[in-house]
Peer 1: 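Below are the C-alpha cells for one structure; questions will follow.
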Amino acid sequence: MKYQAPKGVIEYFPPRSRSFEWVRATLLSQIKRSGYQLLQLPVFEDTELFTRGVGASTDVVSKEMYTFEDRGGRSITLRPEGTVGALRSIIEHGLDRGALPAKVFYSGAFFRAERPQAGRGRQFYSVGVEAVGSDDPALDAEVIAIADAGFRALGLKQFKLEITSLGDAQTRALYRVDLLAFIEGLDLDQATLVRAEINPLRLFDDKREEIRDLMSKAPKLLDYLSEESRTHFEAVQGYLRDLNIDFEINPRMVRGLDYYTGTTFEFVHELLGAQSGIGGGGRYDGLMEQIGGQPLSGIGFGLGVDRALLAAEAEGVVDQAAFLTDLYLIPLGTKAKTVALSLSQELRAHELTVEIAFGDRALKTAMKSADKSGARYVVIIGDTELNSGSVDLKQMRSGETTSVTLSSLVSTLSAELLTW
RNA sequence: GUGGGCGUAGCUCAGCUGGUAGAGCACUCGGUUGUGGUCCGAGAUGUCGCGGGUUCGAGCCCCGUCGCUCACCCCA
C-alpha cells in the first residue's frame, strides 16, 4: 500500500460513517433546539490566539499544537480546541454587542499532535456551544442540560456528570500557594515535581495509587471559594437538581485549559478506557478580555463526537435502522432504466430514500444487492410493468407483494413507511 | 515524548525447527425462462508494512524504519 492517512487520524467510512453522522446530528439537534446559532469557523488561527487564550504553559499549547509558517511568514496553528476561536469570531463580528447572551455553536475537526490511543486521534471531532455575556447560574445549568440531553438522545446511560467550581482568579491564587506548600512537603520524583510546578492541580489526576493517597489529604479548592462563587455554584446545583440531572461533585477535577473559572464540568463514560471524557466545559471569566474583547463572562462545552460514538457502540445503542434505504428499484432493460431514474427522482423529492440497481445484472443478483442494501421495499420494472402501468411493491422483511399503480407509488410508500 | 503488544488477501487470522503462501468470511459469476435472506459450484485478489543484512534459499533469523494498538502523560 503506497499511501496511508497521516499518523493518528481516524477516518470514518461506510458503514460506520453513518453512525458517526448520526451521533453528530443527534448532539447538534439538542443544541439547535436551545436557540444556539452556527458559527462556521476556520480550522486554523493565528498561533498567538491560542497561546494567549488557552495558556502558554498548558500541555495543549506547549507540546500538542500543529504550528507552521504560512507563505506570508505568519505563524499559523490548527485549532486544538474550539472556545478561543469562537470567542475571537464573536468579538471580531461584534456579536457581543448585540443581544446577550450571544449563543453560538460550532462543529468540526480539531487537531492535537499527541500519541494516538483508543479514543484519541490527532484529528478529532467536536461539537460545542458558547454563551457569552451572562453570569446567570441558570445559564450554567442550561448549558450542562443541553450536553446531557444530547448524550441521552443517543441512548447513552453509562456515563456520569462531574462538576466543580474553580472559583475566581484570586481564589485560585490563594489556593495555589497553599497547595504548593502542601506538595513541597511530599516526597515526589523529579518528573512529578516538574508537573506540579506547571500546574499543581495536575497531581490530583495522577493514576498512581500512592500519589492518589498522598493527594487525598491535600487542601481542596472548594474550601477556598469566595462567598460569591459559592452562592453561584450552589445555585447551579439547585437548578440541576430541579432538572433531575444527576451529578457528582468532584473537587479534584482537573482541566487542561487555563481559562476555566467557576462552574466546570465533565462527562465521563464508564466503558471507554483511559480516554473516558466524552465532553466537558465550564465558565471562563477573564477569557474575553484576555483576547481583546469586553470583560464578559461566558460558558460553553465541547463534546467529543468520536468518543460519543465509541460510547454508543460500547453500549450497543447505535441506531442502524435510521439509515435504511426505503425503496430499491430494479429496472430490466434500457427503457425501464429511464423510468427508474425519473421515478427515483420523484420519490426522493418526497423525502424517500431510493436506490437503483445498476449494471444490467441478472434479476437474482439484483435482488441479492437489494437485500444487502437493507432496503425495506423492492420494485421491479420490466416490460410487464411498463405495459400494465402497475408494479409489485415487495416488502423485503415479510416477502409479501402488493400491486400498486406507478402513479400511486409515492402515496402508497409514504403511508406504508409510517407504520415502520 | 516514554513503555508493552502487533504488522501475511477487503476483513479475521493460520503458516511446524528458514525451502519463494493458505483458510473462513466478504466479493464477482453461475446452479436454464422475471424475484433476496439458506444451500451447492466456479472465479478474482497479495511486491507476507518498507529498507538493509545473514543464508544456496527468509513470511519465518538480525538491524533499522514506518504504521497500528494499549498504557503513561494529556484531553474531546
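These values consider heavy atoms only, across backbone and side chains, with no hydrogens, waters or symmetry-generated copies. The chains referred to below are lettered A, B, ... by the order of the sequence lines, with proteins before strands, and numbering in each begins at 1. Keep in mind that this is a model prediction, so the values were computed, not measured.
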Peer 1: How close or far is atom C1' of B:rC11 from atom CZ of A:Phe13, stated in whole angstroms?
Peer 2: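 After rounding, the reported distance stands at 10 Å.
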
Peer 1: In whole angstrom, what separates A:Tyr12's OH from B:rA76's C1'?
Peer 2: 11 Å

Peer 1: When the P atoms of B:rC25 and B:rU20 are compared, how many Å lie between them, rounded to an integer?
Peer 2: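 The answer is 27 Å between these two P atoms.
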
Peer 1: What's the gap between B:rU8 and B:rG67 when it is taken at their C1' atoms, as a whole Å value?
Peer 2: 15 Å

Peer 1: Expressed in whole Å, how much space separates the P atoms belonging to B:rA9 and B:rA14?
Peer 2: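 Roughly 12 Å separates the two P atoms.
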
Peer 1: Any sub-3.5 Å donor-acceptor pair from A:Arg307's side-chain atoms to A:Arg120's backbone N or O?
Peer 2: no

Peer 1: Within the structure provided, determine whether A:His232 and A:Ser165 are in side-chain contact (heavy-atom separation under 4.5 Å).
Peer 2: no

Peer 1: Using atom types as modelled and distance alone, determine if a side-chain donor or acceptor of A:Thr264 lies under 3.5 Å from a backbone N or O of A:Tyr260.
Peer 2: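 Side chain of A:Thr264 to backbone of A:Tyr260, a donor-acceptor pair under 3.5 Å: no, none is there.
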
Peer 1: Can you check the A:Arg112 CZ to B:rC73 C1' distance for me, whole Å?
Peer 2: 13 Å

Peer 1: Quick one, A:Leu393 and A:Leu413 - any side-chain contact, counting heavy atoms below 4.5 Å?
Peer 2: yes

Peer 1: Atom CZ of A:Arg212 and atom P of B:rC72: how far apart are they, to the nearest Å?
Peer 2: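 Computing the A:Arg212:CZ to B:rC72:P distance gives 11 Å.
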
Peer 1: Answer yes or no: is there a donor N or O on one side and an acceptor on the other, between the side chain of A:Lys103 and the main chain of A:Val129, under 3.5 Å?
Peer 2: no

Peer 1: Round to the nearest Å and state the distance from A:Phe265 atom CZ to B:rA76 atom P.
Peer 2: 11 Å

Peer 1: So A:Gly121, base contact, sugar-phosphate only, or nothing? Heavy-atom distance under 4.0 Å.
Peer 2: base

Peer 1: Pick base, sugar-phosphate or nothing for A:Ile330, based on heavy-atom distances below 4.0 Å to the nucleic acid.
Peer 2: nothing

Peer 1: Which distance, rounded to the nearest 0.5 Å, do you find between the CE of A:Met65 and the CD of A:Glu114?
Peer 2: 13.0 Å

Peer 1: Please check the phosphate of B:rA76 (OP1 and OP2 only) for any side-chain N or O of A:Gln275 closer than 4.0 Å.
Peer 2: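 False: A:Gln275 side-chain N/O out of range (4.0 Å or more) of B:rA76 OP1/OP2.
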
Peer 1: According to the Watson-Crick and G-U wobble definition with distances under 3.5 Å, which dot-bracket string, read 5' to 3', encodes RNA chain B, using [ ] for crossing pairs and | for pairs with another strand?
Peer 2: (((((((..((((........)))).(((((.......))))).....(((((.......))))))))))))....

Peer 1: Compare the minimum distances between each of B:rC74, B:rU69, B:rC70 and the side chain of A:Ala118, then state the nucleotide with the smallest one.
Peer 2: B:rC70

Peer 1: Between atom CZ of A:Phe50 and atom CZ of A:Phe44, what is the distance when rounded to the nearest 0.5 Å?
Peer 2: 11.0 Å

Peer 1: Could you run down nucleotides 30-40 of chain B 5' to 3' and tag each one B, S or - for protein heavy-atom contact under 4.0 Å?
Peer 2: S---BBBB---

Peer 1: Backbone N or O of A:Gly128 within a donor-acceptor pair of the A:Ser126 side chain at under 3.5 Å?
Peer 2: no

Peer 1: Quick check: A:Tyr125 with A:Phe20 (ring centres under 6.0 Å apart)?
Peer 2: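 Close enough - the centres of the two rings lie under 6.0 Å apart.
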
Peer 1: I'd like to know if the side chain of A:Arg52 and the backbone of A:Gln290 have a donor-acceptor N/O pair within less than 3.5 Å.
Peer 2: yes

Peer 1: At a cut-off of 3.5 Å, list every protein nitrogen or oxygen paired with a nitrogen or oxygen from nucleotides 65-67 of chain B, distance to 0.1 Å.
Peer 2:
unit_1: B:rG67; atom_1: O2'; unit_2: A:Gln4; atom_2: NE2; d: 3.3

Peer 1: Does A:Lys160 come within less than 4.0 Å of A:Glu162, counting only side-chain N to carboxylate O?
Peer 2: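 Between A:Glu162 and A:Lys160 there is a salt bridge, with a charged N closer than 4.0 Å to a carboxylate O.
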
Peer 1: B:rC29 and B:rU12: how far apart are their C1' atoms, nearest whole angstrom?
Peer 2: 25 Å

Peer 1: Identify, with sequence neighbours excluded, every residue that meets side-chain hydrogen bond (donor to acceptor under 3.5 Å, both in side chains) alongside A:Tyr175.
Peer 2: none

Peer 1: Looking only at the side chain of A:Gln117 (C-beta and beyond, no hydrogens), which of the listed nucleotides B:rC74, B:rA71, B:rA76 gets closest?
Peer 2: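 Side chain of A:Gln117 sits closest to B:rA71.
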
Peer 1: Please report the distance separating the C1' of B:rG49 from the corresponding atom of B:rC68, rounded so that it comes out in whole Å.
Peer 2: 10 Å

Peer 1: Rounded to the nearest Å, what distance is computed from the CZ atom of residue A:Arg16 to the C1' atom of nucleotide B:rC11?
Peer 2: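 After rounding, the gap between these two atoms is 15 Å.
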
Peer 1: Taking CG from A:Leu203 and P from B:rC74, how many angstroms apart are they, rounded to a whole number?
Peer 2: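 Spelled out: CG on A:Leu203 to P on B:rC74 is 9 Å.
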
Peer 1: Heavy atoms only, 4.0 Å cut-off, all strands: where does A:Glu64 land among base, sugar-phosphate and nothing?
Peer 2: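 Counting heavy atoms under 4.0 Å across all strands, the contact made by A:Glu64 is with sugar-phosphate only.
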
Peer 1: Restricting both atoms to N or O, compile the protein contacts to nucleotides 3-7 of chain B shorter than 3.5 Å, with distance only.
Peer 2:
none

Peer 1: Verify the stacking flag for A:Phe110 against B:rA76: centroid separation must be under 5.5 angstrom and the ring planes must differ by under 30 degrees.
Peer 2: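 It does not: the ring fails the test against the base of B:rA76.
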
Peer 1: Between B:rG59 and B:rG43, how far apart are the two P atoms, rounded to whole Å?
Peer 2: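 One P to the other, the span is 26 Å.
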
Peer 1: If I pick the P atom on B:rG10 and the same atom on B:rG52, what distance separates them, to the nearest angstrom?
Peer 2: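 Pairwise P distance, B:rG52 against B:rG10, rounds to 24 Å.
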
Peer 1: Could you list the donor-acceptor pairs under 3.5 angstrom formed by side chains in residues 10-17 of chain A, with sequence neighbours left out?
Peer 2:
unit_1: A:Tyr12; atom_1: OH; unit_2: A:Asp306; atom_2: OD2; d: 2.6
unit_1: A:Arg16; atom_1: NH1; unit_2: A:Glu313; atom_2: OE1; d: 2.7
unit_1: A:Arg16; atom_1: NH1; unit_2: A:Glu313; atom_2: OE2; d: 2.9

Peer 1: Does any N or O in the side chain of A:Glu355 come within less than 3.5 Å of the main-chain N or O of A:Leu327, such that one atom is a donor and the other an acceptor?
Peer 2: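 Absent.
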
Peer 1: So, does the side chain of A:Glu266 form a donor-acceptor pair with the base of B:rA76 at under 3.5 Å?
Peer 2: no

Peer 1: Quick check, are the ring centers of A:Phe159 and A:Phe151 under 6.0 angstrom apart?
Peer 2: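 Centroid distance A:Phe159-A:Phe151: below 6.0 Å, so yes.
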
Peer 1: Quiz question: going by heavy-atom distance under 3.5 Å, is there a donor-acceptor pair between the base of B:rC73 and the side chain of A:Arg120?
Peer 2: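 Pair found.
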
Peer 1: Taking A:Glu81 for its side chain and A:Thr83 for its backbone only, find out whether a donor-acceptor pair lies under 3.5 Å.
Peer 2: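 The answer is yes, because a donor-acceptor pair under 3.5 Å joins these two groups.
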
Peer 1: Could you give the CZ-to-P distance, from A:Arg24 to B:rA76, as a whole number of Å?
Peer 2: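 Between P of B:rA76 and CZ of A:Arg24: 18 Å.
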
Peer 1: Can you tell me, in whole Å, how much space there is between the C1' of B:rA58 and that of B:rA21?
Peer 2: 13 Å

